[in-house]
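Report on one structure; see the data block that follows.
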Amino acid sequence: MQVAYHQDKLIHLPSCEREKWQQLYMASIRQEVTCIHCHSPLRMELGILTPPTFIHLQANKECLETAQLMEKKMQQPTTKDDEPQTSIAGFQMPKKRTITSSSDQENESWKEPEFVKAIPAFAPRQLPTNVGQNGYRHTLAQSGIFLDNNQWEAVQSTEGPLLILAGAGSGKTRVLTTRTAYMLTELNYSAKEMILVTFTAKAAKEMKERMRTYPEIQPAVLNQLVIGTFHSIFYKMLMHHEPEQWAPSNLLKQEWQRQAMIKEAGREIDIDEKEFAFDQALTQISWWKNHLLSPDQVKTKDKWEEHVAYLYKRYEQMRLAKNLFDFDDMLLGLYELLMNNPRLLKRYQQRFAYVSVDEFQDINKVQVELITMLSERTKNLCVVGDDDQSIYAFRGSDPSYILTFKERFSNTKMVVLDENYRSNHEIVSSANNVIATNRTRYSKQLHAQTSSNEAPLLFYPFDEEEEATMIVTDIKKQLEAGESPSDFAILFRTNSSARALIERFVSSSIPFQLDADGESFYRRKSVRKVLAYLRLAQNPDDATALSDLLGALFLKQQVIQEVKANSITQDCTFVEALPQIQGLQPFQSKKLSTMPEKFKQLKTKSPVDAIAFIEQEMGFSDYVKKQGNEGNKMERGSDDVRDLKVAAKLHPTIQDFLDYIDHMTIKYEEIRYQKNNQNATQLMTIHRAKGLEFKHVYILGAVEGGLPHDYALDAWREGDDKPLEEERRLMYVAMTRAERNLKISVPIMRRGKRAFRSRFVREVHRIAPKQLREERSK
């Protein structure tokens with residue numbers, strides 16, 4: 001059905017404003033949308049593949065006929081405003097207005113999803129099936145371990161520097177572990193001479209488990225093999241040589257421990273704890289450390305970095321005074337130990353004659369220096385990675401190390417693993433189309449082993465709310481068809497961009513797992529302050545809201561005691577006590593004098609109008625402008641407020657909105673720590689999805705400013721295209737997580753404003769140059 005009844009109004013979906021669809025969907029869940037004939041509740045279906053419709057679970061013939069007549073009548077345009085009312089099956093039709101269309105209206109109407117068409121014909125490569133009647137490759141095949149020719153070439157290359165460019169899904173872990181097994185069994189190298197370094201404990205564990213499955217490898221040999229992360233391996237070295245200095249009890253394990261130290265330092269220069277991004281400061285300090293920059297070597301770019309540089313200096317002084325260290329210090333400590341002890345370095349160079357490093361594209365300066373030092377004697381350094389998957393610049397990783405590996409290590413042999421064993425041809429080709437635009441990369445293309453009849457799909461929701469509803473509806477349909485919740489993953493650029501998605505899953509019956517850091521969207525600084533205004537409008541004596549609000553009024557936290565005291569002595573609310581604060585500048589006192597009346601006005605407004613009033617009439621826009629992004633290029637307060645407005649549109653009153661927020665905040669904290677559900681749909685950032693794979697993948701927000709992120713576009717406009725190229729690598733990583741099915745969301749609106757589809761969406765429609773040449777040559 002395309003017609004229904006809601007709040008005493010006839011609803012005709014094709015002519016209904018697009019932004020109302022989500023509100024109707026929510027109303028249908030509350031059973032407020034009814035059949036125009038029998039007045040039974042209808043369920044609105046808002047999915048990806050078909051236009052929205054009303055579902056009548058108990059429809060009879062009369063219901064369907066009435067709906068069809070009404071739909072037919074509503075589709076007939078008229079230009080007469082004074083046309084008398086007509087009746088259909090006893091239902092009074094309203095007067096119709098002229099039906100017009102504009103480009104904006106057309107853009108906001110239902111848009112048919114489209115499959116990616118820029119996909120070359122599938123031409124499977126004939127991989128070798130003859131592995132011989134003897135030899136190690138034959139032995140592996142008998143154990144179910146098959147290698148293509150490029151993989152086997154990498155396995156046999158054991159001497160000198162080796163660069164293995166391993167594309168997404170190309171079996172890099174198999175190659176790295178098989179190469180190690182080959183050296184141990186076929187070449188009889190000593191396990192004590194070898195070291196395999198990874199970036200995560202999970203990857204190290206997987207390698208050890210893989211090694212146990214190889215034929216002819218004894219457990220005693222495996223126990224001698226050093227496999228682990230940079231931190232675990234190098235920390236053990238430090239513990240061995242300087243146990244007292246590097247005792248585990250001296251490790252700053254928790255984030256709050258480090259934050260406490262820099263907050264103490266921040267008070268020395270009068271930094272307001274509630275107004276400063278200390279978490280971002282710690283990230284910046286870590287970046288400087290990993291680039292081997294001491295506090296005295298740091299060159300700051302702005303006022304925020306000047307503050308962080310001071311915090312860095314004091315942090316180092318405080319931890320050294322207490323003989324403490326953090327995880328970054330483990331690598332720096334070993335680097336300094338080996339640099340200052342040539343004899344010790346020589347011993348380790350003799351001990352580890354064969355060094356292998358996984359995920360080399362993610363390496364940073366201190367890590368590459370350590371690896372270079374260890375392999376300096378033999379030059380037997382094998383690194384495995386993919387420059388197209390370098391996505392951790394914010395941690396200090398730099399793709400230039402893998403791109404310049406051949407210059408850094410002369411006589412390097414390079415082997416390219418370009419067979420993708422994970423995704424189908426349609427997904428791989430689409431990902432190739434995107435990544436080919438990057439200029440700073442090795443020229444290569446992945447080839448898939450399988451093809452399907454379904455190309456990646458682009459779909460066009462109205463905004464973030466509708467996007468989330470469409471995805472949940474689509475997954476529910478596939479679950480009903482027999483798929484498992486764990487077959488699905490929804491990937492997003494930042495945690496804040498997944499707010500609506502998380503909320504829709506909380507309200508659904510689909511088991512899901514959220515893999516995210518940080519607090520709920522509603523606990524973000526700018527959002528929390530806007531909500532403080534709303535809470536004080538409802539309860540002028542809300543002490544927590546008052547504390548959250550003070551910064552937005554440019555007041556120090558110390559005045560809260562004065563406000564509370566005045567409220568007692570003057571027998572008034574906290575809000576009414578604000579104008580009585582003493583010792584302020586005249587402009588502050590004038591602003592505070594208007595606050596009680598404005599809070600009264602605020603209480604009468606709808607949530608979305610109230611937020612606009614807070615911005616324009618209560619001075620919040622001035623606060624956001626003054627704060628800027630606090631040096632945090634990924635998060636802007638003004639963006640958060642725009643996101644909050646999108647959520648506010650779905651709620652009729654401020655109290656309803658606040659109740660909803662409190663419920664979602666509690667649920668968010670609950671789901672953050674649910675890590676053991678194996679059969680659940682995964683919600684995660686693209687960064688966290690790296691190395692994983694799923695049958696079905698959805699990518700959120702493929703619009704300019706979302707993916708690619710605003711900060712990358714800002715850098716690109718200023719002449720720096722490195723962040724934009726990393727965003728393109730993020731898109732590539734996201735796409736290549738999908739095995740069978742990929743759906744990319746391209747919203748019409750973003751944060752309340754019209755969006756432009758991502759340049760990556762445009763690129764996915766262009767066949768990569770090499771593919772195009774191959775097509776033309778056929």
Side-chain angles (χ1 to χ4, degrees), residues 176 180 191-208 223-254 258 282 285-294 316 319-320 323-385 392 395-398 401-402 405 408-409:
L176 199 54
T180 305
K192 294 180 180 180
E193 291 184 303
M194 303 167 68
I195 179 174
L196 280 75
V197 189
T198 71
F199 276 84
T200 66
K202 180 181 176 182
K205 182 180 178 181
E206 182 182 356
M207 283 190 184
K208 290 176 183 177
N223 291 336
Q224 296 175 343
L225 193 63
V226 178
I227 304 178
T229 65
F230 277 95
H231 287 87
S232 66
I233 292 173
F234 294 155
Y235 179 54
K236 287 176 184 176
M237 293 182 185
L238 286 171
M239 279 283 290
H240 179 73
H241 297 287
E242 299 177 342
E244 293 185 5
Q245 181 178 345
W246 299 97
S249 57
N250 295 337
L251 174 62
L252 294 164
K253 296 180 181 179
Q254 305 298 327
R258 296 190 296 144
L282 284 175
I285 290 171
S286 179
W287 192 94
W288 282 330
K289 280 192 169 190
N290 287 321
H291 279 75
L292 299 175
L293 294 173
S294 68
E316 291 295 282
R319 72 164 187 81
L320 289 171
N323 197 30
L324 301 174
F325 64 93
D326 58 32
F327 287 101
D328 295 324
D329 294 319
M330 293 178 181
L331 305 187
L332 290 171
L334 184 64
Y335 174 77
E336 293 172 359
L337 179 65
L338 297 180
M339 286 290 289
N340 296 328
N341 294 270
R343 293 179 64 184
L344 180 61
L345 173 59
K346 186 176 181 180
R347 282 171 52 194
Y348 275 114
Q349 288 173 341
Q350 292 172 335
R351 162 77 189 276
F352 297 123
Y354 296 91
V355 180
S356 300
V357 183
D358 190 19
E359 302 285 9
F360 193 74
Q361 76 279 348
D362 295 331
I363 205 164
N364 61 35
K365 185 174 179 61
V366 66
Q367 290 166 341
V368 81
E369 292 297 333
L370 283 167
I371 291 299
T372 302
M373 290 164 68
L374 289 176
S375 58
E376 180 65 28
R377 183 180 70 87
T378 65
K379 300 293 192 299
N380 293 328
L381 174 60
C382 168
V383 301
V384 183
Y392 293 111
R395 293 182 186 171
S397 66
D398 190 338
Y401 293 121
I402 193 170
F405 186 85
R408 192 180 184 99
F409 297 91

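To the nearest 0.5 Å, atom CG of residue L331 and atom NZ of residue K365 are 14.0 Å apart. M339 CE to L292 CG: the interatomic distance, rounded to the nearest 0.5 Å, is 9.0 Å. To the nearest 0.5 Å, the span separating CZ on R347 from CG on L338 amounts to 10.5 Å. Between the CD atom in Q224 and the CE atom in M194 there is a gap of 11.5 Å [rounded to 0.5 Å]. The distance from the CH2 atom of W288 to the CD1 atom of I285 is 7.0 Å, given to the nearest 0.5 Å. Note that CG of L334 is 9.5 Å distant from CG of L345, once rounded to the nearest 0.5 Å.
Side-chain contact between D326 and S286: absent, with no pair of heavy atoms (C-beta onward) separated by less than 4.5 Å. Side-chain contact between Y354 and T180: absent, with no pair of heavy atoms (C-beta onward) separated by less than 4.5 Å.
Under a 4.0 Å N-O distance rule, the pair R408/E369 qualifies as a salt bridge.
Across all their heavy atoms, G228 and A204 have their closest contact at CA-CB, 3.9 Å. Across K208 and I227, no two heavy atoms sit closer than the pair CE-O, 3.3 Å. Nearest heavy atom pair, residue S375 against residue V355, reads CB-CG2, 4.4 Å. Here the shortest heavy-atom pairing between L196 and I233 reads O-CD1, 3.8 Å. When all heavy atoms are compared, the tightest approach of Q349 to E376 is NE2-CB, 3.5 Å. In terms of heavy atoms, L374 sits closest to F234 at CD1-CE2, 3.9 Å.
Judged purely by atom type and a 3.5 angstrom limit, D329 has no side-chain atom pairing as donor or acceptor with the backbone of L332. Between the side chain of N364 and the main chain of Q367, a donor-acceptor pair closer than 3.5 Å is present. Judged by distance alone, with hydrogens and angles left aside, the side-chain atoms of T372 form a donor-acceptor pair with the main-chain N or O of V368 at under 3.5 Å.
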Criterion side-chain contact (heavy atoms from CB on, under 4.5 Å) on R258 and R319, from CA distance to verdict: CA-CA 9 Å; R258 296 190 296 144; R319 72 164 187 81; over 6 Å; no
Derivation and outcome, side-chain contact (heavy atoms from CB on, under 4.5 Å), residues F230 and V357: CA-CA 9 Å; F230 277 95; V357 183; 4.0 Å; yes
Derivation of the side chain to side chain donor-acceptor pair (under 3.5 Å) call for E359 and Q361: CA-CA 5 Å; E359 302 285 9; Q361 76 279 348; 2.6 Å; yes
Residue pair V226, F352: steps toward the side-chain contact (heavy atoms from CB on, under 4.5 Å) verdict: CA-CA 9 Å; V226 178; F352 297 123; 4.0 Å; yes
Derivation and outcome, side-chain contact (heavy atoms from CB on, under 4.5 Å), residues N290 and R395: CA-CA 8 Å; N290 287 321; R395 293 182 186 171; over 6 Å; no
Going by atom type alone, with no hydrogens or angles, which donor-acceptor pairs under 3.5 Å involve a side-chain atom of residues 237-248 and a protein atom two or more places apart or on another chain?
| residue | atom | partner | partner atom | Å |
| --- | --- | --- | --- | --- |
| H241 | NE2 | Y348 | OH | 2.8 |
| E242 | OE1 | W246 | NE1 | 3.0 |

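For H231, there are no side chain to side chain donor-acceptor pair (under 3.5 Å) partners two or more places apart in sequence or in a different chain.
Residues Y392 and F199 keep their aromatic ring centres 6.0 Å or farther apart.
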